[in-house]
Student: 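What follows is a single structure, and I will ask about it in a moment.
Both counts, for ligands and for their atoms, begin at 1 and track the order of listing. The chain is numbered in sequence order, starting from 1. Side-chain atoms are counted along with the backbone in the values below, which use heavy atoms only and exclude waters and symmetry mates.
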Amino acid sequence: METVLSGIRSTGNLHLGNYFGAVKNFVKMQHEYNCYFFIADFHSLTTHPTPENLHNNVKQVMAEYLAAGLDPEISTLYIQSDVPEIPQLYLLLNMNAYVGELERTTTFKEKIRKQPDNVNAGLLTYPVLMAADILIHNSNKVPVGKDQEQNLEMARKFARRFNTVYNVEYFNMPEPFNFGKELVKVPGLDGTGKMGKSEGNGIFLIDEPSVIRKKVMRAVTDAGPTQDNQKMEEPIKNLFSLLKLMSTPDTVEHFLNKYNNCSIRYGDLKKQLAEDIILFTTPIREKVKEISKDETYLAKAVHTGAEKARASASKTLRDVREIIGFKAF
Ligand code: ADP
Ligand code: TRP
């Protein structure tokens, strides 16, 4: 069975874009692949969180992914910093990662722009740590968004280099996981583009109903169609895309008919959309609250994940050390 691995940022809450663009697929993939999902808390240190924030963020992310349907019994769900084999592999990979190529990565250049006062070495070697994350389980497939494709390419480069330097065929070449037809883009409701944390237009799974209603009612619209079957342009197209994701086919058809005969009132559509989002998010939001309070359940999930992840990671590290030439006395 192929091994699929995905790293999860340890900051920020899940929004509908993350859910329909990634998490929903992860939940399904659990039954089809050997899955590793981990919270990338080492990576988050590049932005210097406080100790309280570091812990609370990890806990929150864990609770949200569990509530959304990741099953710690089926997949290996763990916290990166619980697996000391990862930083060891990172150290070893660093010896064959070159400063020049690291300086040229787009994510690094972007970070320099975003945080010019904190250009730390962790940022420079971020792709090496990410390669260690992937290679420690000799993963075959990695689902990544567009912004992480170059980092995945670097992971392949480091894997290939290791194989070449030591004349072995040890590491697999980790390929991007392609969701194909299942890939959905969740739009934002502020006119154009996608829903995203940095776009500031997220509707979060843990948003209270009143917050969701407010966000949806604020959605950008236009003056309304003036001709029957008028071609739909972006702000309205986005509303309908979200409606298709969240509502029943009957509801979609109802509003589509009204749009096509120019009798649509966007306010009615928004009200319905908000209620359907609330219907969908409420059980997840309640589950997040329940899990966050259940320290025993959380601890059990975390420990199970760490144990499974270390079993796989320690095997890889043992092999790698042997290939490099470390020998026991
Ligand atoms: P954000 O910073 O907005 O939370 P990330 O870039 O961290 O988003 O994305 C995490 C995952 O969620 C990625 O796999 C990405 O493809 C997916 N994702 C994020 N926003 C959307 C969206 N609007 N539509 C579809 N998928 C999305
Ligand atoms: N860098 C990824 C992000 O910002 C998170 C991540 C860390 C990751 N290590 C990974 C993703 C390994 C995939 C594989 O979203």
Side-chain angles (χ1 to χ4, degrees), residues 3-27 29 35-47 57-58 60-61 64-65 68 70 76 78-81 83 86-87 89-90 93 105-108 110-111 114 122-123 125-156 158-159 172 174-179 182-190 192-206 238 241-242 244-246 309 313:
T3 296
V4 176
L5 169 136
S6 185
I8 298 165
R9 272 179 219 176
S10 63
T11 48
N13 302 104
L14 286 177
H15 53 71
L16 293 175
N18 303 137
Y19 183 81
F20 288 102
V23 185
K24 192 175 172 213
N25 295 319
F26 293 172
V27 172
M29 266 155 50
C35 286
Y36 290 90
F37 301 113
F38 70 95
I39 302 178
D41 60 343
F42 278 142
H43 278 110
S44 77
L45 294 182
T46 55
T47 56
N57 288 345
V58 170
Q60 179 68 24
V61 170
E64 290 194 17
Y65 274 84
L70 289 194
T76 302
Y78 61 100
I79 300 168
Q80 186 185 30
S81 63
V83 184
I86 297 169
L89 181 59
Y90 161 70
L93 293 175
T105 57
T106 31
T107 39
F108 180 63
E110 205 168 293
K111 289 285 182 186
K114 275 199 192 145
L123 280 178
T125 56
Y126 187 111
V128 189
L129 181 54
M130 190 157 151
D133 292 330
I134 296 168
L135 300 178
I136 200 74
H137 303 298
N138 218 345
S139 314
N140 308 98
K141 295 241 152 59
V142 184
V144 283
K146 261 246 145 321
D147 63 328
Q148 296 295 315
E149 269 171 12
Q150 192 184 25
N151 283 338
L152 183 57
E153 200 181 303
M154 305 276 288
R156 276 197 297 277
F158 298 139
N172 298 320
E175 298 295 332
F177 189 97
N178 197 340
F179 291 118
E182 281 150 73
L183 188 69
V184 282
K185 187 185 120 183
V186 180
L189 289 181
D190 44 0
T192 56
K194 65 166 196 144
M195 184 179 290
K197 224 136 12 224
S198 36
E199 282 77 6
N201 60 5
I203 297 176
F204 297 98
L205 297 182
I206 58 153
N238 288 350
S241 302
L242 209 53
K244 274 185 202 142
L245 269 180
M246 308 304 311

Student: At less than 3.5 Å, what protein N or O atoms come close to the N or O atoms of ligand 1? Include the distances to 0.1 Å.
Tutor:
unit_1, atom_1, unit_2, atom_2, d
ligand 1, 3 (O), His15, NE2, 2.9
ligand 1, 3 (O), Lys197, N, 2.6
ligand 1, 4 (O), His15, NE2, 3.2
ligand 1, 4 (O), Asn18, ND2, 3.2
ligand 1, 4 (O), Lys197, NZ, 2.8
ligand 1, 7 (O), Arg9, NH1, 3.3
ligand 1, 8 (O), Asn18, ND2, 3.4
ligand 1, 12 (O), Asn18, ND2, 3.2
ligand 1, 20 (N), Met195, O, 3.3
ligand 1, 23 (N), Val186, O, 2.8
ligand 1, 23 (N), Met195, N, 3.4
ligand 1, 23 (N), Met195, O, 2.7
ligand 1, 24 (N), Val186, N, 2.8
ligand 1, 26 (N), Gly17, O, 3.2

Student: Spell out, as yes or no, whether a donor-acceptor pair under 3.5 Å connects the side chain of Asn140 to the backbone of Glu175.
Tutor: no
Student: Okay, side chain of Thr46, backbone of Leu123: is any donor-acceptor separation there less than 3.5 Å?
Tutor: no
Student: Between Glu199 (side chain) and Gly193 (backbone), is there a donor-acceptor pair under 3.5 Å?
Tutor: no
Student: Donor-acceptor pair, distance only, cut-off 3.5 Å: does the side chain of Asn201 make one with the backbone of Gly196?
Tutor: yes
Student: Under the criterion side chain to side chain contact (heavy atoms under 4.5 Å, CB included), which of Val83, Asp133, Leu129 is the partner of Phe42?
Tutor: Leu129
Student: Check side-chain contact (heavy atoms from CB on, under 4.5 Å) between Leu245 and all other residues, then give those that pass, not counting sequence neighbours.
Tutor: Phe20, Val186, Leu242
Student: Distances for all N or O pairs of ligand 2 and the protein under 3.5 Å?
Tutor:
unit_1, atom_1, unit_2, atom_2, d
ligand 2, 1 (N), Tyr126, OH, 2.7
ligand 2, 1 (N), Gln148, OE1, 2.9
ligand 2, 4 (O), Arg9, NE, 2.7
ligand 2, 4 (O), Arg9, NH2, 3.2
ligand 2, 4 (O), Tyr126, OH, 3.3
ligand 2, 4 (O), Gln148, NE2, 3.3
ligand 2, 9 (N), Asp133, OD2, 2.7
ligand 2, 15 (O), Arg9, NE, 3.0
ligand 2, 15 (O), Arg9, NH2, 3.4

Student: Indicate whether the side chain of Asp41 and that of Ser81 have a donor and an acceptor atom separated by less than 3.5 Å.
Tutor: yes
Student: Residues in ring-ring contact (aromatic ring centres under 6.0 Å, His included) with His15, at least two apart?
Tutor: none
Student: Let me know which of Asn25, Leu205, Val184 forms a side chain to side chain contact (heavy atoms under 4.5 Å, CB included) with Tyr19.
Tutor: Leu205
